[in-house]
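Please see the structure below; I have some questions.
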Amino acid sequence: MKNELNSKYDPKQVERKWYELWEDGGYFHQSPRSDKEPFCIVMPPPNVTGSLHLGHALDNTLQDILIRFRRMQGYNTLWLPGTDHAGIATQARVEEQIAQEGLNKYELGREKFLERVWDWKNEYGNTITRQLRLLGASCDWQRERFTMDDGCSKAVREVFVRLFKKGLIYRGNYIVNWCPKCQTTISDIEVEHKDSKGNLYHIKYPFKDREGFIVVATTRPETMLGDTAVAVHPEDERYKELIGKTVILPILNREIPIIADSYVDPAFGSGAVKITPAHDPNDYEMALRHDLPHVVVINKDAVMTVEAGPYKGMDRYECRKKLVADLAQKDFLLNIQEHEYALGQCYRCDTVIEPLVSPQWFVKMKPLAAPAMEAAHKGDVRFVPERFTKVYLNWLENIRDWCISRQLWWGHRIPVWYCDSCGKEICSMEDPDNCSECGGSLTQDPDVLDTWFSSALWPFSTLGWPEETADLQHFYPTSVLVTGRDIIFFWVARMLFMGIEFQKQVPFYHVFIHGLVLDSLGRKMSKSLGNGVDPIEVIDKYGADTLRFMLVTGNTPGNDLRFHYEKLEGTRNFANKIWNASRFALMNLHDYDPKGELGSLALADQWILVRLQEVINKVTECLDKYELGEAARSIYEFTWNELCDWYIELIKPRLYGKVSEESRKTAQAVLYSTLSRTMQLLHPFMPFITEEIWRHLPGDRGSIMLSDWPRFKEVKDKAPVVKMRLLMEIIKGIRNIRNEMNVPPGKKAEAIIFLKSEEADKAVKDNLEYIEILADAYPIKLVRELAKKPDKAAAVVVYGAEVYVPLEGLIDINVEIKRMEKELATIEKDLNLVKSKLQNEKFLRKAPKEVVEKEQQKQKELYAKYEVLKERMARLIEE
RNA sequence: GGGCGAUUAGCUCAGUUGGUUAGAGUACUUGCUUGACAUGCAAGGGGUCACUGGUUCGAGUCCGGUAUCGCCCACCA
């Protein structure tokens, strides 16, 4: 075996090598023709325009951990990767590119432009998938998909046509969210509401038939040019008699009616609302109820139309300024109040959304939402953590129809044609040649679908639907969806209702939600703040294993986590610790024969094997419950604090052959097996270093990622743990004395250990060398009787034993008294606590027997210590 | 306006059916070139678990309220 391992772990030496071997070896790929139980995750497809950020790194690390865990457990495991065509983002990227050539997309034409986008995608679109490989993602690249590949496009078409025929997709002229910059509609959830400071303008609208005016309040005065009514609450005493009267719209001098509608809140503003059906969603709704005309005063570029009269051609904000000035000058402006309100902005470019009426395509949501909600109610789909169920349900309960058409070129073209002659609307799976009604020529709807429309089909489109593929049958419904909580509405909810509609089954059983990766100050990472951390740089510097482990430790499902370099360094140190422990093991396993006979187990062997089983159990349970942070923590603690700090130290003399050949072989066997299993437990978290170590360990066992997950075997006999605890306490006690009393490191410390029971005596006697090795104590005298307690000695009292370290000349009596005082104080405190519990009748009556017994045992132990300490204190003070 | 989360050691966080003495990492103090590791070893200091009321034999953990911070949702112009 080649053991020339460097004393520092260098991830660069191993990561790429193993990834290539795994991928080339087809280890990530599984056939759907398997008797094994399937376990499948579809990867949330990152945008083709994207490069890996820490959010992706976290999301994919979590998925990879689950996948590697289940794969080792023997599931037929599929992690299906892919990318999203990301309509607006990608199109914008290419528009920028051609702009540098002095072109725009109209000059290029739709067809040519799309060619350019595909070129761009082919050239740059795999950046992120390359980066995912660096992270160690064990997804099946042979099944990699793209939301606009042939299969996904076919699924999109099929879904559209079916929903259309069912009446769940319709076209209508409704008010939508329009982004004047992106020049497209966006859906309700793509509008981000940000609190902003603005004004509430109070404007006088004079009556037509009499003196006076009614005052309306608005935050957007420029829209008044499109007003077609003023509304008041029907019960509002102030305005009751005005209902039905006519007012004159200032500036434009248009006559508009005063109407009554209970939507109006009499307590807000003046209690009278100007109604602009073409530019406000609420007003639009009200116009429907009252059959009011629309006057469009703002166009798609956010520029005032001809209807705006003197303001025609002005930008909407320029118009506002001018109009307010004009109103003031003509005495129509009553006053201006400062007013804070939620301003709708485009999620992509932050431009203020302009609501406008336009013919668009919609998905009728109520019929789809109902079964999706039921699935959560029935538990067919379960959110982890559970609290996100409410977020999901709450959104679906209040859902409105989903606007799916986008005025873009890059995306799935809406499969609807209009007859140029008779106007017939044709929606079909196959592109029609001419009108089925009149034979006239056809024009296809120019719009494309919302990117999320195709993402919504991802769990089944990627498995081959609409074909009834073996993959689909075997892997659908998928096992779990792992994603950030920011995407529950955009994606999770939509996949659920589409999955239920088209597969009659939920797309996944569990939704595992994680939080965001924040910067060290708890802020979101963003380009504008410049506080982003590039995971690829982190991998380059610290290794993928370190990044992965750091991202999952100390984190709980659904909660955000902060990124600290200190934490990264701590994790890097852990990787190095593992590396060196393994290096040590390898140095001592060069002649180890896995098939050799096993001698009798020493106490340390028995102890570490019990602990190993407990850790196997804990880690497996935690992974089952998606408590990845807890799982990682227990491996960390076991590896460092038990395996390295105690076990390896204890077996050194045996490995060096200082005890016996048989003992050496046994230590080798236990070390080998414990280290192997630990590496397996750790593998899902740190795939590279564990593979590297695994391959160096004796025996050719192939790849660790294909090895069998350690199976928990309960060890009934916990006596080794009890015995070890006694020895550890004695050792720690002596170490403490050495430190406090400044015993020079090299100097052996003499110890007298008074054992109070047969068992304790035996445990210590049989393992005396542990104390010698780890506490540097020698000679050690064991006694069963102690008539006279040693003077001029430092003492440590543990349950079952008293340890004395004679320190003639070295001992400072005052230091010793202080030590004793401190010890006594804590024991006294604990003892009082236990006593009061045990004196409490109710406790004795109501608490479970085990708990009472535990307390009694505790009292016994504390009391024994207390007695000895008390007596010793008295004597020390006497002197 | 509603909902959710957080509040535990100087800092960052664990603590998931209520039950040993509330833990870790980091920082800090002291001592160590100990035949894997100074990215290390040993020892140590540091917490009225935000506040408040309740349920319980027993609360960091469950329930009610308050405060501060953060996030999400929302068509009062």
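Basis for what follows: all heavy atoms, side chains included, without hydrogens, waters or symmetry-related copies. Numbered from 1 within each chain, the chains take letters A, B, ... in sequence-line order.
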>> Classify A:K390 by what it touches in the nucleic acid, base, sugar-phosphate, or nothing, heavy-atom distance under 4.0 Å.
In response: sugar-phosphate
> To the nearest Å, how far apart are A:R845 CZ and B:rG58 C1'?
Replying inline: 14 Å
> So what's the dot-bracket for RNA chain B: Watson-Crick or G-U pairs under 3.5 Å, [ ] if a pair crosses, | if it pairs off-strand?
Replying inline: (((((((..((((.....[...)))).(((((.......))))).....(((((..]....))))))))))))....
> What residues in residues 821-840 of chain A put a non-hydrogen atom under 4.0 Å from any atom of RNA chain B?
Replying inline: A:K822, A:D830, A:N840
> If the P atom of B:rU68 is compared with that of B:rG25, how far apart are they to the nearest Å?
Replying inline: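 It comes out at 35 Å once rounded to the nearest Å.
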Please list each protein N or O that sits under 3.5 Å from an N or O in nucleotides 27-36 of chain B, with the distance.
from, atom 1, to, atom 2, distance (Å)
B:rG35, O6, A:K658, NZ, 2.3
B:rA36, OP1, A:K652, NZ, 3.3
B:rA36, OP1, A:Y656, OH, 3.4
B:rA36, OP2, A:Y656, OH, 3.2
B:rA36, O3', A:R583, NH2, 3.1
B:rA36, O2', A:N580, OD1, 2.5
B:rA36, O2', A:R583, NE, 3.3
B:rA36, O2', A:R583, NH2, 2.5
B:rA36, N7, A:K652, NZ, 3.3
B:rA36, N6, A:E649, OE2, 2.7
B:rA36, N3, A:N580, O, 3.2
B:rA36, N3, A:A581, N, 3.2

> Counting any heavy atom closer than 4.0 Å, what does A:P355 reach on the DNA or RNA strands: base, sugar-phosphate only, or nothing?
Replying inline: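 If one applies the 4.0 Å heavy-atom cut-off, A:P355 turns out to touch nothing in the nucleic acid.
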>> Just so I know, are the side chains of A:L671 and A:L655 near enough to count as touching, which here means a heavy-atom distance under 4.5 Å?
In response: yes
> Expressed in angstrom and rounded to an integer, what is the separation of A:R738 atom CZ from B:rA42 atom P?
Replying inline: 14 Å
>> Exactly one of A:H514, A:R485, A:K524 should register a side chain to side chain donor-acceptor pair (under 3.5 Å) with A:D560. Which one does?
In response: A:R485
> Mind checking whether A:Q856 and A:K837 have side chains closer than 4.5 Å, heavy atoms only?
Replying inline: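 No - every pair of side-chain heavy atoms lies 4.5 Å or more apart.
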> Which part of the nucleic acid, if any, lies within reach of A:D486 when heavy atoms closer than 4.0 Å are counted: base, sugar-phosphate only, or nothing?
Replying inline: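 Nothing: the residue A:D486, judged by heavy atoms under 4.0 Å, touches no strand.
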> Can you check ring pair (Phe, Tyr, Trp, His ring centres under 6.0 Å) on A:F268 and A:H233, steps first, answer last?
Replying inline: CA-CA 11 Å; A:F268 188 89; A:H233 194 277; over 10 Å; no
> Which whole-number value in Å describes the distance from A:E850 CD to B:rG18 P?
Replying inline: 15 Å
> Rounded to whole angstrom units, what separation is found between the CG atom of A:L568 and the P atom of B:rC13?
Replying inline: 15 Å
>> Can you confirm whether or not the ring centre of A:Y626 sits under 6.0 Å from the ring centre of A:H510?
In response: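 Aromatic pair counts; centres sit under 6.0 Å.
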> Quick one: does A:E642's side chain get under 4.5 Å of A:Y647's, heavy atoms only?
Replying inline: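 A side-chain contact is absent here, since even the closest heavy-atom pair is not under 4.5 Å.
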>> Would you measure the distance from the P atom in B:rA67 across to the matching atom in B:rU26 and give it in whole Å?
In response: 39 Å
> Of the nucleotides B:rG15, B:rA43, B:rG40, which one has an atom closest to the side chain of A:W640?
Replying inline: B:rG40
> Taking the P atom of each, how far is B:rU20 from B:rU55, in whole Å?
Replying inline: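 Here B:rU20 and B:rU55 have their P atoms 23 Å from each other.
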> Nearest nucleotide by nearest heavy atom, which residue falls closer to the 5' end of RNA chain B, A:R562 or A:E729?
Replying inline: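 Going by which nucleotide is closer to the 5' end, it is A:R562.
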>> Give me the distance, rounded to whole Å, that separates B:rG19 from B:rU12 when you measure between the P atoms they each carry.
In response: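 Per the computed distance, 27 Å lies between those P atoms.
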>> Measuring only the P atom in each nucleotide, how far is B:rA36 from B:rA50? A whole number of Å is fine.
In response: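 The answer is 45 Å between these two P atoms.
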> Can you tell me how far P in B:rU52 sits from the matching atom in B:rA59, rounded to whole Å?
Replying inline: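 Taking atom P in both B:rU52 and B:rA59, they lie 15 Å apart.
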>> Using a distance-only criterion (donor-acceptor N/O pair, under 3.5 Å, no hydrogens), is the base of B:rU16 paired with the side chain of A:E627?
In response: yes
> Once you round it to whole Å, what is the distance between P of B:rU16 and CD of A:E630?
Replying inline: 8 Å
> Starting at CD of A:E386 and ending at P of B:rU17, how long is that distance when rounded to a whole Å?
Replying inline: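 The answer, rounded to whole Å, is 15 Å.
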>> In whole Å, I'd like the distance from the CZ atom of A:F388 to the C1' atom of B:rG5.
In response: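 Distance check: A:F388 CZ to B:rG5 C1' gives 8 Å.
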> Mind checking what makes salt bridge (charged side-chain N to carboxylate O under 4.0 Å, His left out) contact with A:K567, not counting sequence neighbours?
Replying inline: none
>> Hydrogens and angles aside, do A:Q857 and A:E853 bring a side-chain donor and acceptor to less than 3.5 Å of each other?
In response: no
> Who pairs with A:K835 by salt bridge (charged side-chain N to carboxylate O under 4.0 Å, His left out), at least two apart in sequence or on another chain?
Replying inline: none
> Taking side chain as C-beta onward, heavy atoms only, is A:E729 less than 4.5 Å from A:L726?
Replying inline: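 Result no, sub-4.5 Å side-chain heavy-atom pair not found.
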>> Between the base of B:rU39 and the side chain of A:R572, is there a donor and acceptor pair under 3.5 angstrom?
In response: yes
>> Given 3.5 Å as the limit, does a donor-acceptor pair link the side chain of A:S526 with the main chain of A:L529, or not?
In response: yes
> Which whole-number value in Å describes the distance from A:M550 CE to B:rC13 P?
Replying inline: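 Spelled out: CE on A:M550 to P on B:rC13 is 11 Å.
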>> Can you check the distance between B:rU56 and B:rG10, where both ends of the measurement are the P atom (answer in whole Å)?
In response: 35 Å
>> Testing the 3.5 Å rule here: is there a donor-acceptor pair between the side chains of A:E190 and A:S187?
In response: yes
> Does the side chain of A:V492 reach to within under 4.5 Å of the side chain of A:F383, using non-hydrogen atoms?
Replying inline: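 They are in side-chain contact.
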> Side-chain donor-acceptor pair under 3.5 Å between A:T276 and A:K274, yes or no?
Replying inline: yes
>> Are the side chains of A:R735 and A:L774 in contact, using a 4.5 Å heavy-atom criterion?
In response: yes
>> I need the single residue from A:M550, A:M686, A:E569 that forms a side-chain contact (heavy atoms from CB on, under 4.5 Å) with A:F574. Which is it?
In response: A:M686
> Nearest nucleotide by nearest heavy atom, which residue falls closer to the 5' end of RNA chain B, A:K865 or A:Y9?
Replying inline: A:K865
>> Between B:rG15 and B:rG54, how far apart are the two C1' atoms, rounded to whole Å?
In response: 24 Å
> With a non-hydrogen cut-off below 4.0 angstrom, is A:T556 in contact with a base, only sugar-phosphate, or nothing?
Replying inline: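 Answer is base: heavy atoms of A:T556 come under 4.0 Å of a base.
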>> I'd like to compare against my own output: the B/S/- annotation of nucleotides 70-77 of chain B with a strict under-4.0 Å heavy-atom distance to protein.
In response: -SSS-BBB
